[in-house]
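See below for the structure under consideration.
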Amino acid sequence: AAPPTSGPAAEGMTRRQLLRSSMFATIGAMFGLAAAGGGGMFWPIKLSGFGGIVPAPVKAHEMQVGDVVTVRDGKYYLTRSEDGLMALYWKCVHLGCTVPWNAAAGKFMCPCHASVYDITGQNIAGPAPRPLDMMEITVEPDGTVLVNTGKITERVRHEPEHA
Ligand code: FES
């Protein structure tokens, strides 16, 4: 078959150009959305992980006295002591290292300068000038623990008591 020599070829070009321009328009719109709506795309993810009120991965009645659950999404420890449930922000109040829970010792022991905190976050040794910071929690009737990871509360200064 002979190649088209008139109208249809030109129309074909026009269609290809149209296709191409609409493709660019679509890509442009995607970039536009990403730029303009970037906050909308990423901020809620951040909010749900750190900075919002999020349910803890365990229910209140699943926690026994002495239990400590590490919650990486919100960067806190959920602890249960005789004083009840607490959500403790995991940064050392000395210079900000992450303080791991030492289950064997039953204490939070900072690897940086040896500050030690009990299960309620009370500073009991080392240079930490006050207890670990807390996050506000509420317990729903079904035991769901809601942690306000956006509200980190600094607690009052307390010097460790030396016997
Ligand atoms: Fe924890 Fe210094 S940062 S003791």
Side-chain angles (χ1 to χ4, degrees), residues 24-163:
F24 281 126
T26 305
I27 291 170
M30 286 165 70
F31 275 104
L33 271 177
M41 288 168 72
F42 298 112
W43 185 241
I45 295 168
K46 190 170 165 54
L47 272 185
S48 68
F50 191 61
I53 297 175
V54 287
V58 292
K59 300 217 169 171
H61 53 264
E62 295 167 345
M63 299 277 295
Q64 307 295 319
V65 169
D67 283 352
V68 174
V69 175
T70 304
V71 186
R72 300 196 181 280
D73 286 352
K75 298 183 180 166
Y76 68 89
Y77 297 106
L78 189 66
T79 74
R80 176 153 221 148
S81 67
E82 301 287 355
D83 295 345
L85 282 175
M86 300 175 89
L88 302 171
Y89 187 41
W90 68 17
K91 279 201 181 299
C92 184
V93 297
H94 179 226
L95 292 176
C97 290
T98 300
V99 188
W101 171 246
N102 184 319
K107 296 178 174 71
F108 293 101
M109 303 177 80
C110 186
C112 294
H113 317 96
S115 283
V116 180
Y117 307 83
D118 70 15
I119 194 171
T120 68
Q122 180 67 61
N123 51 317
I124 53 178
R130 59 185 167 80
L132 289 175
D133 295 334
M134 284 193 310
M135 293 171 181
E136 195 176 77
I137 62 171
T138 52
V139 180
E140 302 275 273
D142 71 349
T144 300
V145 183
L146 296 176
V147 180
N148 189 344
T149 60
K151 187 168 185 184
I152 297 167
T153 307
E154 185 175 305
R155 292 196 275 167
V156 294
R157 183 184 175 85
H158 178 87
E159 295 297 340
E161 290 165 19
H162 298 290

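Atoms within each ligand, like the ligands themselves, are counted from 1 in listed order. Because the structure is predicted, anything quoted here is derived from the model rather than measured.
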Let's test your reading of the model: do C97 and C112 have SG atoms under 2.5 angstrom apart?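 With an SG-SG separation under 2.5 Å, C97 and C112 do form a disulfide.
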
Which of the ligand 1 atoms, numbered from 1, are nearer than 4.0 Å to a heavy atom of C92: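 Within the 4.0 Å cut-off of C92, ligand 1 contributes 1 (Fe), 3 (S), 4 (S).
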
Atoms of ligand 1 close to S115 [distance to a heavy atom under 4.0 angstrom, numbered from 1]: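 That gives atoms 4 (S) of ligand 1.
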
Validation row: L78, V145 side chains within 4.5 angstrom (heavy atoms):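 In short, these two side chains touch, coming nearer than 4.5 Å.
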
Does the side chain of K59 come within less than 4.5 Å of V139's, by heavy atoms?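 No, too far: nothing below the 4.5 Å cut-off.
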
Atom 1 (Fe) of ligand 1 to C97: any N/O/S contact under 2.8 Å?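 Checking C97: none of its N, O or S atoms is under 2.8 Å.
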
Of the protein's non-hydrogen atoms, which lies at the shortest distance from atom 3 (S) of ligand 1, and what is that distance?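 Going by distance alone, atom 3 (S) of ligand 1 is nearest to L95 N, 3.3 Å.
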
Determine whether the side chain, the backbone, both or neither of C110 has a heavy atom under 4.0 Å from any heavy atom of ligand 1.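 Looking at C110 and ligand 1, just side chain atoms fall under 4.0 Å.
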
Sort out for me which residue in L88, V93, I124 forms a side-chain contact (heavy atoms from CB on, under 4.5 Å) with Y117.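 For Y117, the side-chain contact (heavy atoms from CB on, under 4.5 Å) test succeeds with only one of L88, V93, I124, which is V93.
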
Is the distance between the ring centroids of Y76 and W90 under 6.0 Å?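 So the answer is no for these two rings.
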
Vertex atom 2 (Fe) of ligand 1, rays to ND1 in H113 and ND1 in H94 - rounded to 10°: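 Reported to 10°, the angle equals 100°.
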
